[in-house]
Amino acid sequence: MEQKNKPTLFWSLLKYRDWCFYIASTVKGLVFVGSQDKPFEELTEWAKKRFPGSPLIEDHEKLEPFAIEITQYLEGKRQKFTIPFDYNGTDFQLAVWNALCEIPYGEKKTYSDIANSINKPTAVRAVGAAIGANPVLITVPCHRVVGKNGTLTGYRGGLEMKTKLLQLESQRKLMSSEL
């Protein structure tokens, strides 16, 4: 089924309470987490650009481990992900995405903070572009990055989704600190 350089992409629609988005993986790991309430075309357009010619196959069973961890996060029962990823990007993008994974649950960093953390303090705009190219929303927590003055700025999933994720984390963090 796997063609040379054209891995099969498996997908599923994840629905949990008022959350609804598409997720996709290869046999190696998670490659895509979509935006809240976006149509299937968001996934198909992304797949055409990132994996041209790769077949897209609906397979809820293959996506179950990813759906379970994302659902646990949405329930407030998970703060870090252990699922494998199979995303690809430039070395710079990978450095930025890895830095995003270091932002603690319930905390926020600025684009400048991320640029400094990867030793590229003058690359703030490039950091923003790399964050915008993050294919796995939620799991690589680009929603935790805000503008220099603390304002919410662009997010592939939309500012409403970013706000919901930040509220979810701040509520859960507050609840856990009260215990």
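Sorted by first then second residue, the salt bridge (charged side-chain N to carboxylate O under 4.0 Å, His left out) pairs that include residues 19-38, not counting sequence neighbours, number zero. Note on residues 122-137: no pairs pass side chain to side chain donor-acceptor pair (under 3.5 Å), not counting sequence neighbours. Applying the salt bridge (charged side-chain N to carboxylate O under 4.0 Å, His left out) test to residues at least two apart or on different chains, the pairs with a partner in residues 65-75 are Glu69-Arg78, Glu75-Lys77. Note on residues 58-77: pairs passing ring-ring contact (aromatic ring centres under 6.0 Å, His included), not counting sequence neighbours, are Tyr73-Phe81. Sorted by first and then second residue, the pairs that involve residues 8-23 and meet salt bridge (charged side-chain N to carboxylate O under 4.0 Å, His left out), not counting sequence neighbours, are Asp18-Lys164. Residue pairs meeting the salt bridge (charged side-chain N to carboxylate O under 4.0 Å, His left out) criterion with at least one partner in residues 147-158, sequence neighbours excluded, are Glu42-Arg156.
Considering only residues two or more places apart in sequence or on other chains, Thr153 meets the side chain to side chain donor-acceptor pair (under 3.5 Å) condition with Tyr111. Evaluation of the ring-ring contact (aromatic ring centres under 6.0 Å, His included) rule for Phe40 yields Trp11, Tyr22 as partners, not counting sequence neighbours. Residues passing the side-chain contact (heavy atoms from CB on, under 4.5 Å) test with Asp113 are Lys109, Thr110, sequence neighbours excluded. Qualifying side chain to side chain donor-acceptor pair (under 3.5 Å) partners for Asn116, counting only residues two or more places apart in sequence or in other chains: none. Judged as a side chain to side chain donor-acceptor pair (under 3.5 Å), and not counting sequence neighbours, the contacts of Asn149 are Thr151. Remark: Trp46 pairs with Phe32, Phe51 by the ring-ring contact (aromatic ring centres under 6.0 Å, His included) rule, at least two apart or across chains.
Of all heavy-atom pairs between Leu13 and Cys20, the closest is CD1-SG, 3.7 Å. Smallest separation of non-hydrogen atoms from Pro65 and Glu61: CD-O, 3.8 Å. Between Ser117 and Ala99 the shortest heavy-atom distance is OG-CB, 3.6 Å. Annotation for Ala24 and Leu30: closest pair O-CD1, 3.3 Å, computed over non-hydrogen atoms. The minimum heavy-atom distance between Tyr105 and Leu168, with the atom names listed, is OH-CD2, 3.8 Å.
Within the 4.5 Å cutoff, side-chain heavy atoms of His143 are placed close to those of Leu166. At a threshold of 4.5 Å between non-hydrogen side-chain atoms, the residues Ile118 and Phe92 count as touching. Looking at Val31 and Val136, their side chains never come closer than 4.5 Å, going by heavy atoms from C-beta outward. Using a 4.5 Å heavy-atom cutoff, the side chains of Ile138 and Phe21 are in contact. Looking at heavy atoms from C-beta onward, Asp59 lies out of side-chain contact with Ser12 at the 4.5 angstrom threshold. In this structure, Val96 and Gln93 have side chains that are not in contact, with every pair of non-hydrogen atoms separated by 4.5 Å or more.
Note: the hydrophobic cluster containing Leu94 also contains Ile83 (ILVMFWY, side chain heavy atoms under 4.5 Å, direct or indirect links). Ile70 and Tyr16 fall within the same hydrophobic cluster, where Ile, Leu, Val, Met, Phe, Trp and Tyr residues are linked whenever their side-chain heavy atoms come under 4.5 Å apart, directly or through other members.
Panel note: side chain Ser54, backbone Pro7; a donor-acceptor pair is recorded below 3.5 Å.
The distance from the CD1 atom of Ile114 to the OG atom of Ser112 is 10.0 Å, given to the nearest 0.5 Å. Atom CG of Asp86 is separated from atom CG of Leu9 by 9.0 Å, given to the nearest 0.5 angstrom. Between Lys162 atom NZ and Tyr155 atom OH the span is 8.0 Å, to the nearest 0.5 Å. Atom CD of Glu169 is separated from atom CD of Gln171 by 11.0 Å, given to the nearest 0.5 angstrom. One distance of note links OG of Ser170 with CD of Glu107; it measures 12.0 Å at 0.5 Å rounding. One finds the CG atom of Leu137 at 5.0 Å from the SG atom of Cys142 (value rounded to the nearest 0.5 Å).
Partner of Thr8 under the side-chain contact (heavy atoms from CB on, under 4.5 Å) criterion, chosen from Ile57, Val27, Thr26: Ile57.
By the neighbour-count criterion of 12 heavy atoms within 6.0 Å, atom CD of Gln72 is densely surrounded, having more than that number from other residues, nucleotides or ligands.
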Side chain to side chain contact (heavy atoms under 4.5 Å, CB included) between Thr163 and Glu160: does it pass, once the steps are laid out?
-> CA-CA 5 Å; Thr163 300; Glu160 184 179 337; 5.7 Å; no

Please lay out, stage by stage, how Leu63 and Leu14 fare under the test side chain to side chain contact (heavy atoms under 4.5 Å, CB included).
-> CA-CA 9 Å; Leu63 274 292; Leu14 190 151; over 6 Å; no

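The aromatic rings of Phe85 and Tyr87 are tilted relative to each other, their planes meeting at an angle between 30° and 60°.
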